S.K.: 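Below is one structure. I have some questions about it.
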Amino acid sequence: MKEQLHALFSQAIDSLKSNDVIPADHETALVFERTRQKEHGDLACNVAMTLAKPARKNPRELADLIVQALPSDPLINKVEIAGPGFINVFLNNEAHTSALASIFAQGDQFGLAEPNSKQKIMLEFVSANPTGPLHVGHGRGAAYGDALARVLAAAGNTVEREYYVNDAGRQMDILAVSVWVRYLQAIDINVTLPDNAYKGQYVVDMGQSLASLHGKRYEITRDEFEQARTGLDDEAALDATISLAKDKLGNDGFALFFDLALNSILDDIKQDLSEFGIDYDTWYSERSLFETGKIDRAIKKLKASGDVYEKGGAWWFRTTEYGDEKDRVVVRDNGQPTYFASDIAYHQDKLDRGFDLAINIWGSDHHGYIPRVKAAMQALGLEQDKLKVLLVQFAVLYRGGEKVGMSTRSGEFVTLRELRDDIGSDAARFFYAQRKSEQHMDFDLDLAKAQSNENPMYYVQYAHARICRLFEKANEQKINTSNLDQADFSQLSKSQEIDLLASLQRFPEVVERAAQQFEPHQITYYLKEVATAYHSYYNSNKVLDAEEPLRTAMLALSAATKQVIRNGLNIIGVGAPESM
RNA sequence: GCGCCCGUAGCUCAACUGGAUAGAGCAACGGCCUUCUAAGCCGUAGGUUACAGGUUCGAGUCCUGUCGGGCGCGCCA
């Protein structure tokens with residue numbers, strides 16, 4: 001619809017240009033907006049206001065000239081000039097009902113762009129350290145990321161989902177040691193779990209299962225354990241304990257604790273996300289970057305280009321050359337590469353895999369990390385624009401009016417699984433998807449549970465279920481519903497019908513815009529709007545009691561609404577139940 | 001101290017990248033079921049868009065400053 005108007009207005013502008021009303025070399029941007037109020041017609045164009053200055057005319061006068069130059073078109077009922085110089089376009093009925101034909105012709109594809117017709121995009125999201133189960137904070141990133149993936153795919157992009165598994169590094173070592181301590185406790189050695197180790201119950205469980213599997217094979221005396229820690233501050237003591245564990249258990253023994261922890265937690269995360277409706281194409285291991293030599297190669301490349309230099313026994317990346325606040329260490333003085341080094345190699349690898357765009361969804365606490373990754377990309381000669389980092393603000397949890405902590409190490413958190421068990425995966429997804437990512441979010445657990453029935457998702461699903469029921473009834477009454485695409489759409493002329501039609505027609509635009517702006521929440525608001533229009537229509541019209549041919553047309557409108565709701569819910573990753 | 005994000009109805013959030021009279025849900029109040037699902041509909045009330053300036057035909061949206069909140073500023077990840 002907007003394209004057709006665009007063509008008409010372009011003609012008008014061109015003719016004014018040839019008459020020297022508008023400077024011929026002026027680049028004119030034509031924007032059409034859906035109006036907020038009915039008195040303003042269906043679509044409004046502000047071009048007369050933006051052209052007023054270059055044309056040196058007052059906007060209303062210019063609008064008048066544009067309207068006069070506008071070719072007539074069967075879809076346009078009338079055109080009005082209003083306010084400071086808006087050109088308001090009123091469409092006629094055929095323009096409104098034209099959406100129905102597309103909906104019936106395209107079905108599940110309505111609103112979606114040609115699949116795989118645009119960019120090849122990789123979307124990396126969640127990527128939580130496998131040091132514990134996912135909590136509701138991760139849930140937000142998960143729901144947002146997957147909804148975004150679906151929106152981007154709906155807009156015609158090819159999307160791959162990836163989870164970057166941090167299966168190397170100190171946090172994992174701390175986890176392995178935490179399991180070891182719980183194991184020692186399980187075989188009655190009286191060591192205490194360090195304060196800054198992982199405290200969750202799941203660590204206790206893993207320790208106990210290792211105890212029953214291996215008995216006292218990995219034991220150590222309490223004195224030996226405590227001696228390694230004496231006189232050190234908390235974090236240093238933890239590092240000393242890690243060294244002790246590696247020393248006492250040997251490579252294989254330590255790997256036993258490490259791998260059990262990693263695998264069981266990662267399996268849990270995979271299952272959790274799968275139950276949440278998210279299926280990743282790739283689980284990318286950080287450790288594999290070491291094993292394949294990709295980290296060494298990246299560092300070598302940066303040393304060769306002079307971007308990495310030695311200072312104090314460590315290797316530093318000259319990120320300040322690329323706008324970062326300070327240089328960053330890539331290889332520690334003990335020879336161990338930092339997490340940053342992994343990430344440099346990881347991003348090199350991402351783009352080597354041929355994506356047009358790599359999107360990272362990070363928690364907002366990582367925002368300070370963006371400049372150095374961008375710096376690395378520049379130094380490696382990669383196109384910065386091919387990396388887009390989207391930040392998701394934390395969800396602040398409340399329970400009983402109190403803020404709930406969310407630290408994996410302390411074991412104090414509400415798991416995503418717990419939330420799903422309480423309100424269901426669909427309700428949780430919809431709830432998260434309503435918020436735009438950079439908005440701070442208050443998540444009241446009591447409210448989320450108590451009001452799960454008042455989650456707007458049910459409002460949308462209810463409209464769908466109602467329509468399904470309507471068709472069941474129609475079949476019971478032997479009403480023919482097989483040729484709805486042949487219905488006489490011109491029967492639909494009541495204002496509620498026009499409102500509903502206008503909403504349905506907008507769906508492709510909504511999908512396109514949501515994708516362009518990386519804002520899947522726009523889909524949820526759109527769906528609520530469609531549901532409102534339908535509920536209102538449903539309440540004041542008895543479809544099945546209507547006379548033919550109006551009844552068939554009303555059924556066609558209902559079927560089209562059902563189709564659009566289904567397609568929209570699918571983009572959020574939420575089901576469309578036939579009955580409720 | 002410096003940097004990033006945010007501040008909209010009592011609460012939770014929208015607002016078509018600068019458009020016309022700032023909208024929904026929840027909570028409050030008043031109506032609507034012998035007729036296709038009342039998880040619904042219709043109506044009332046609720047606002048100086050944190051505050052102060054600026055930019056222009058036009059600002060919740062852009063710029064500057066102030067106040068308030070979240071996060072970050074490791075040879076952690």
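Every chain is numbered from 1 and lettered A, B, ... according to where its sequence line falls, protein lines coming before strand lines. Keep in mind that this is a model prediction, so the values were computed, not measured.
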S.K.: Regarding A:F340, tell me which of base, sugar-phosphate or nothing describes its non-hydrogen contacts under 4.0 Å with the strands shown.
M.R.: nothing
S.K.: Would you mind classifying the nucleic acid contact of A:Q171 as base, sugar-phosphate or nothing, using non-hydrogen atoms under 4.0 angstrom?
M.R.: base
S.K.: Could you tell me how far B:rA59 sits from B:rG40 if I compare only their C1' atoms? Round to whole Å.
M.R.: 38 Å
S.K.: How close or far is atom P of B:rG3 from atom NE2 of A:H366, stated in whole angstroms?
M.R.: 22 Å
S.K.: Rounded to whole Å, please give me the gap between CE in A:M441 and P in B:rG69.
M.R.: 22 Å
S.K.: What heavy-atom pair brings A:D333 and A:A314 nearest, and what distance separates the two atoms?
M.R.: N-CB, 3.8 Å
S.K.: Between B:rG18 and B:rC5, how far apart are the P atoms? Round to whole Å, please.
M.R.: 16 Å
S.K.: Give a yes/no answer on whether the side chain of A:R36 brings an N or O atom under 4.0 Å of OP1 or OP2 in B:rC16.
M.R.: no
S.K.: Regarding A:A168, tell me which of base, sugar-phosphate or nothing describes its non-hydrogen contacts under 4.0 Å with the strands shown.
M.R.: sugar-phosphate
S.K.: Could you check if the base of B:rC5 is syn or anti? Syn means the glycosidic torsion is within 90 degrees of 0.
M.R.: anti
S.K.: Identify which one of A:Y164, A:F340, A:F290, A:Y339 satisfies the ring-ring contact (aromatic ring centres under 6.0 Å, His included) criterion when paired with A:Y346.
M.R.: A:Y164
S.K.: Under 4.0 Å between any heavy atoms, over every strand shown, what does A:A465 touch: base, sugar-phosphate, or nothing? Just pick one.
M.R.: base
S.K.: Determine the minimum heavy-atom distance between A:L492 and A:I498, stating which atoms define it.
M.R.: O-CD1, 3.9 Å
S.K.: Output the rounded distance in Å from CD (A:Q393) to P (B:rG69).
M.R.: 16 Å
S.K.: Report which part of the nucleic acid A:A463 touches: base, sugar-phosphate, or nothing (heavy-atom distance under 4.0 Å, all strands).
M.R.: nothing
S.K.: Under 3.5 Å, is there a donor-acceptor pair between the A:Q171 and A:N166 side chains?
M.R.: no
S.K.: Taking only the P atom of each, what is the distance from B:rG69 to B:rA24 in whole angstrom?
M.R.: 33 Å
S.K.: Please tell me which of the listed nucleotides, B:rA20, B:rU17, B:rC4, lies nearest to the side chain of A:H40?
M.R.: B:rA20
S.K.: If you go through the side-chain atoms of A:H367, does one of them form a donor-acceptor pair with the base of B:rC71 closer than 3.5 Å?
M.R.: yes
S.K.: Give one of base, sugar-phosphate or nothing for A:R469, where a contact means two heavy atoms less than 4.0 Å apart.
M.R.: base
S.K.: Roughly how many Å apart are B:rC36 and B:rG10, using the P atom of each and rounding to a whole number?
M.R.: 40 Å
S.K.: So A:D333, base contact, sugar-phosphate only, or nothing? Heavy-atom distance under 4.0 Å.
M.R.: base
S.K.: How many Å lie between CZ on A:R372 and C1' on B:rC76, as a whole number?
M.R.: 11 Å
S.K.: Quote, to the nearest angstrom, the P distance that separates B:rC62 from B:rG46.
M.R.: 29 Å
S.K.: Without hydrogens or angle criteria, can the side chains of A:E33 and A:N46 be said to hold a donor-acceptor pair below 3.5 Å?
M.R.: no
S.K.: In whole Å, what is the span from the NZ atom of A:K528 to the P atom of B:rC13?
M.R.: 12 Å
S.K.: Which value, in whole Å, describes the distance between the C1' atoms of nucleotides B:rG54 and B:rU61?
M.R.: 15 Å
S.K.: Indicate, yes or no, whether a donor-acceptor pair under 3.5 Å links the base of B:rC5 to the side chain of A:H440.
M.R.: yes
S.K.: Judged by modelled atom types alone, do A:K528 and A:Q434 share a side-chain donor-acceptor pair under 3.5 Å?
M.R.: yes
S.K.: Can you check the A:D239 CG to B:rG74 C1' distance for me, whole Å?
M.R.: 13 Å
S.K.: Mind checking if A:G85 touches a base, just sugar-phosphate, or nothing, with heavy atoms under 4.0 Å?
M.R.: nothing
S.K.: Using a distance-only criterion (donor-acceptor N/O pair, under 3.5 Å, no hydrogens), is the base of B:rG72 paired with the side chain of A:D365?
M.R.: no
S.K.: Under a 3.5 Å cut-off for both contacts, is B:rG65 paired Watson-Crick or G-U wobble with anything, and if yes, with which nucleotide?
M.R.: B:rC51
S.K.: What contact category does A:W315 fall into here, base, sugar-phosphate, or nothing, at under 4.0 angstrom with non-hydrogen atoms?
M.R.: nothing
S.K.: Reckon A:F471 touches a base, only the sugar-phosphate, or nothing at all at heavy-atom distances under 4.0 Å?
M.R.: nothing
S.K.: With distance as the sole criterion, do the side chain of A:N88 and the base of B:rA20 form a donor-acceptor contact below 3.5 Å?
M.R.: yes
S.K.: What is the nucleic acid contact for A:R34, judged by heavy atoms within less than 4.0 Å: base, sugar-phosphate only, or nothing?
M.R.: base
S.K.: Which whole-number value in Å describes the distance from A:R140 CZ to B:rC6 P?
M.R.: 12 Å
S.K.: Give A:S579 one of three labels, base, sugar-phosphate or nothing, depending on what nucleic acid heavy atoms sit under 4.0 Å from its own.
M.R.: base
S.K.: Between A:N360 (CG) and B:rC4 (C1'), how many Å, whole number?
M.R.: 17 Å
S.K.: Tell me what A:Q37 touches on the nucleic acid: a base, only sugar-phosphate, or nothing, going by heavy atoms under 4.0 Å.
M.R.: base
S.K.: Answer with base, sugar-phosphate or nothing: what part of the nucleic acid does A:P84 contact at a heavy-atom distance below 4.0 Å?
M.R.: base
S.K.: Below 3.5 Å between N/O atoms, which protein atoms pair up with nucleotides 41-47 of chain B? Just atom names and distances, please.
M.R.:
| unit_1 | atom_1 | unit_2 | atom_2 | d |
| --- | --- | --- | --- | --- |
| B:rC41 | OP1 | A:Y459 | OH | 2.4 |
| B:rC41 | O4' | A:N539 | ND2 | 3.0 |
| B:rC42 | OP1 | A:S536 | OG | 3.1 |

S.K.: Would you indicate, yes or no, if B:rA24 has its OP1 or OP2 atom less than 4.0 angstrom from a side-chain nitrogen or oxygen of A:Q434?
M.R.: no
S.K.: Give the C-alpha distance, both sets of side-chain angles, the deciding distance and a yes or no for ring-ring contact (aromatic ring centres under 6.0 Å, His included) between A:H535 and A:Y459.
M.R.: CA-CA 9 Å; A:H535 282 309; A:Y459 181 79; 4.7 Å; yes
S.K.: Report the relative orientation of the aromatic rings in A:F9 and A:F32; use parallel for angles under 30°, tilted for 30 to 60°, perpendicular for over 60°.
M.R.: perpendicular
S.K.: Is there a donor-acceptor contact under 3.5 Å linking the side chains of A:S536 and A:Q496?
M.R.: yes
S.K.: Looking only at side-chain N and O atoms, does A:R332 come under 4.0 Å of OP1 or OP2 in B:rC76?
M.R.: yes
S.K.: Report yes or no: do A:H347 and A:N360 form a side-chain donor-acceptor pair below 3.5 Å?
M.R.: yes
S.K.: Counting only side-chain heavy atoms from C-beta out, which of B:rC16, B:rU37, B:rA15 sits nearest to A:K436?
M.R.: B:rA15
